[in-house]
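Naming convention: chains lettered A, B, ... in sequence-line order (proteins, then strands); numbering from 1 in each chain. Values reported hereafter were calculated over all heavy atoms of this structure, with side chains retained and with hydrogens, waters and symmetry mates removed.
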2 protein chains.
Amino acid sequence: MNDYDVRRDVSDQYSLRGRVFHKIRDDILNGKYKEGEELKEVSIGHEMGVSRTPVREALRQLELEGLVQIIPNRGAFVTGIQAKDVHDIYMIRSRLEGLCARWACENITKEQLEAMEENVYLAEFHVTKGNMEQIAELDNSFHRILYAACDSKMLEHLLIDYHEYVMRIRKKTLSTIERATQSNKEHHGIMEAIKMKDANLAERLADEHMKQAYDNMVKNGLFDLYREQ
Amino acid sequence: MNDYDVRRDVSDQYSLRGRVFHKIRDDILNGKYKEGEELKEVSIGHEMGVSRTPVREALRQLELEGLVQIIPNRGAFVTGIQAKDVHDIYMIRSRLEGLCARWACENITKEQLEAMEENVYLAEFHVTKGNMEQIAELDNSFHRILYAACDSKMLEHLLIDYHEYVMRIRKKTLSTIERATQSNKEHHGIMEAIKMKDANLAERLADEHMKQAYDNMVKNGLFDLYREQ
DNA sequence: ATACGCATAATTGTATACAACGTGTGCAAT
DNA sequence: ATTGCACACGTTGTATACAATTATGCGTAT
């Protein structure tokens with residue numbers, strides 16, 4: 001992370017509040033706390049050996065992150081993701097990643113472009129080897145590089161927010177080798193468009209890439225754990 | 001409040017924390033607290049007659065809203081809006097309002113469409129009369145109707161966020177009668193496209209409308225108060 | 001048996017006390 | 001005069017005590 005940051009950096013790892021925040025967050029994302037479950041300040045605090053104060057603050061942050069809902073005088077509850085929310089987020093992301101790719105054409109640095117090229121070629125290698133673990137990791141970092149390359153703190157944060165948000169669903173996505181191959185080809189195309197500074201093409205390809213990712217996810221029925229009842 | 005909510009609903013008006021949150025927020029938006037100014041927990045608490053606890057929580061929320069930056073063990077500082085941020089927000093909004101208009105084609109209710117038509121015709125009337133006050137009010141409500149019509153809590157919240165965010169700049173915008181006339185024509189076009197359920201047209205018009213609004217704002221130099229030094 | 005009301009428990013909301021951290025000032029050594 | 005250090009002060013971080021609100025369970029009346 002380069003300079004100051006407006007929406008994140010909350011959650012410094014070394015304060016109690018930060019540690020509690022990350023702990024609860026992971027527990028939600030990993031499914032330890034399930035949808036609708038109540039998060040009580042005292043029990044969490046006791047469990048982690050801290051008082052209610054840092055727990056409260058962590059829960060307030062998580063509320064703004066959208067992972068918990070706080071009902072005044074009642075408590076904090078884990079929010080569920082509805083199938084429609086997933087759809088909406090992917091469509092929103094498709095527009096915003098398109099915009100991001102457009103801006104990246106003007107603003108990407110040489111280092112970022114090199115990192116992106118390395119990412120794509122490395123991913124192609126792992127695809128041939130079938131290393132799904134590394135492929136998923138490279139997919140994430142491709143998007144992170146793209147987000148940074150647009151040189152807009154506003155847009156970058158927004159996209160990171162949504163990216164993290166869908167990660168809890170996406171744990172098992174990109175799971176088919178066919179999709180991984182196709183996805184990487186799309187990455188390659190976006191990269192080339194940015195390299196050639198073709199803003200219209202870059203925007204269109206990034207937009208379509210996100211829609212493809214969504215369609216694939218739906219086709220493979222890859223988030224039924226979070227399906228609403 | 002109807003159902004779950006992902007990013008807001010923090011800030012119930014009736015808790016101390018909620019009141020403090022809104023108070024500080026307004027003070028920042030109205031310019032009482034200036035960019036870079038430090039917000040001390042005790043002084044604000046004393047000023048409002050409350051203890052540090054609700055102030056702390058309010059500041060944490062404001063950090064996630066992007067209005068203050070918190071440096072651990074140092075304090076909370078008001079973040080400024082840069083001209084670039086304004087530009088970025090308008091471009092982001094242009095994409096998202098486009099998406100919103102698209103979805104509105106499928107999901108708008110009869111009541112919402114009627115409200116929209118009424119809004120447009122009423123605005124045309126006030127434009128001929130030159131009632132700038134009412135015109136600005138109608139402009140806001142046109143967009144709110146549009147946001148609700150897309151039937152996506154996710155997108156609606158996001159757009160409302162940004163809408164509120166730019167309001168602090170936009171206080172004096174739409175001030176020329178020429179722009180008001182043009183803006184209302186654009187509203188009319190968006191409405192007609194939604195009415196005809198032409199999603200592609202609606203998306204394009206809404207997107208262009210936002211860009212026009214931005215261009216007009218820049219042309220008239222309408223946010224120099226917040227220009228960075 | 002069910003529904004209502006009241007008391008009690010559980011939980012969150014707020015205030016305050018104490019600890020930890022950072023900053024600035026003043027004095028001394030050079 | 002400048003630099004280094006120590007100490008005091010101010011501010012935030014955390015813990016805990018108390019208040020307010022909500023949930024729960026029991027008893028009684030119908």
Side-chain angles (χ1 to χ4, degrees), chain A residues 4-25 27-28 33-65 67-79, chain B residues 1 3-5 8-25 27-28 33-65 67-79:
Chain A
Y4 71 95
D5 184 326
V6 184
R7 293 173 68 95
R8 197 147 311 253
D9 284 352
V10 182
S11 70
D12 52 313
Q13 300 270 0
Y14 302 107
S15 69
L16 281 190
R17 166 172 58 95
R19 289 218 307 277
V20 174
F21 174 82
H22 283 287
K23 176 69 161 52
I24 301 178
R25 192 167 192 270
D27 284 347
I28 293 178
Y33 298 132
K34 302 207 171 42
E35 176 174 344
E37 188 166 343
E38 183 170 2
L39 302 175
K40 292 175 191 167
E41 296 173 359
V42 277
S43 21
I44 293 175
H46 191 261
E47 197 173 310
M48 298 190 61
V50 300
S51 81
R52 285 175 54 210
T53 310
V55 177
R56 276 183 69 84
E57 299 191 345
L59 288 174
R60 293 302 182 284
Q61 291 181 198
L62 286 164
E63 181 185 32
L64 287 234
E65 291 262 305
L67 289 174
V68 310
Q69 177 189 13
I70 293 179
I71 303 175
N73 290 314
R74 288 274 310 276
F77 303 84
V78 179
T79 61
Chain B
M1 186 142 341
D3 54 344
Y4 67 95
D5 182 325
R8 196 149 309 253
D9 284 354
V10 183
S11 69
D12 53 309
Q13 300 269 1
Y14 303 106
S15 70
L16 281 190
R17 167 172 58 95
R19 288 219 307 276
V20 174
F21 174 82
H22 283 287
K23 176 69 162 52
I24 302 177
R25 192 167 191 271
D27 284 347
I28 294 178
Y33 298 133
K34 303 209 169 39
E35 176 174 347
E37 189 167 343
E38 184 170 2
L39 302 175
K40 292 173 192 169
E41 298 173 357
V42 276
S43 20
I44 293 175
H46 190 261
E47 197 173 311
M48 297 191 62
V50 300
S51 81
R52 286 175 51 211
T53 310
V55 178
R56 276 184 69 84
E57 299 190 345
L59 288 174
R60 293 302 181 286
Q61 291 180 198
L62 286 165
E63 181 185 30
L64 286 236
E65 292 261 306
L67 289 175
V68 309
Q69 177 189 14
I70 291 178
I71 303 175
N73 289 315
R74 287 276 309 277
F77 303 85
V78 178
T79 62

Worksheet entry | Where B:Ala58 and B:Ile24 come nearest, the two heavy atoms and their spacing | CB-CD1, 4.5 Å
Worksheet entry | Partners meeting salt bridge (charged side-chain N to carboxylate O under 4.0 Å, His left out) with B:Glu47 (sequence neighbours left out) | B:Lys32
Practice prompt. Mind checking B:Leu39 for me? I need base, sugar-phosphate or nothing, with any heavy atom below 4.0 Å counting as a touch.
Written response: sugar-phosphate
Worksheet item: If you look at every strand shown and take non-hydrogen atoms under 4.0 Å, does B:Ile71 touch a base, only sugar-phosphate, or nothing?
Response: nothing
Worksheet entry | For atom CD1 of B:Ile70 and atom P of D:dT11, their distance in whole Å | 16 Å
Worksheet item: Between residues 48-57 of chain A and DNA chain C, which residues have a heavy-atom gap below 4.0 Å?
Response: A:Arg52, A:Arg56
Item to complete: Heavy atoms only: give me the nearest B:Ile70-B:Leu59 pair and the separation to one decimal.
Response: CD1-O, 3.8 Å
Discussion item. Among residues at least two apart in sequence or on other chains, which ones pass side chain to side chain contact (heavy atoms under 4.5 Å, CB included) with B:Ser51?
Written reply: B:Thr53, B:Pro54
Worksheet item: What is the bend of the helix from C:dA1-D:dT30 to C:dT30-D:dA1 when you compare the axis at one end with the axis at the other, using five pairs each and rounding to 10°?
Response: 0°
Worksheet item: How far does CD of B:Glu37 sit from OG1 of B:Thr79, to the nearest 0.5 angstrom?
Response: 12.5 Å
Item to complete: Specify the separation, in whole Å, of atom CD of A:Glu38 and atom C1' of C:dT12.
Response: 10 Å
Worksheet item: Atom NZ of B:Lys40 to atom C1' of D:dG10: distance rounded to whole Å?
Response: 8 Å
Discussion item. As an exercise, state the distance from NZ of A:Lys34 to CG of A:Asp27, rounded to the nearest 0.5 Å.
Written reply: 10.5 Å
Worksheet item: Does OP1 or OP2 of D:dG13 have a side-chain N or O of B:Arg60 closer than 4.0 Å?
Response: yes
Worksheet item: Can you tell me how far the CZ atom of A:Arg74 sits from the CD atom of A:Gln69, to the nearest 0.5 Å?
Response: 9.5 Å
Practice prompt. For B:Arg19 and C:dG13, give me the distance from atom CZ to atom P, rounded to whole Å.
Written response: 15 Å
Worksheet item: Could you state the interatomic distance from CD (A:Glu57) to CD (A:Glu41), rounded to the nearest 0.5 Å?
Response: 10.5 Å
Worksheet, complete the sentence: With sequence neighbours left out, the residues meeting salt bridge (charged side-chain N to carboxylate O under 4.0 Å, His left out) with B:Glu38 are none
Using a cutoff of under 3.5 Å, can you pull out all pairs of nitrogen or oxygen atoms linking the protein to nucleotides 19-24 of chain D, with atom names and distances?
residue, atom, partner, partner atom, Å
D:dA23, OP1, A:Arg74, NE, 2.6
D:dA23, OP1, A:Arg74, NH1, 3.3

Worksheet item: Any idea which of D:dA15, C:dG13, C:dT11 is nearest the A:Leu16 side chain?
Response: D:dA15
Discussion item. Once side chain to side chain donor-acceptor pair (under 3.5 Å) is applied, do any residues pair with B:Asn73, and if so which ones, sequence neighbours excluded?
Written reply: none
Discussion item. Contact between A:Arg60 and B:Arg60 at the side-chain level, heavy atoms closer than 4.5 Å - yes or no?
Written reply: no
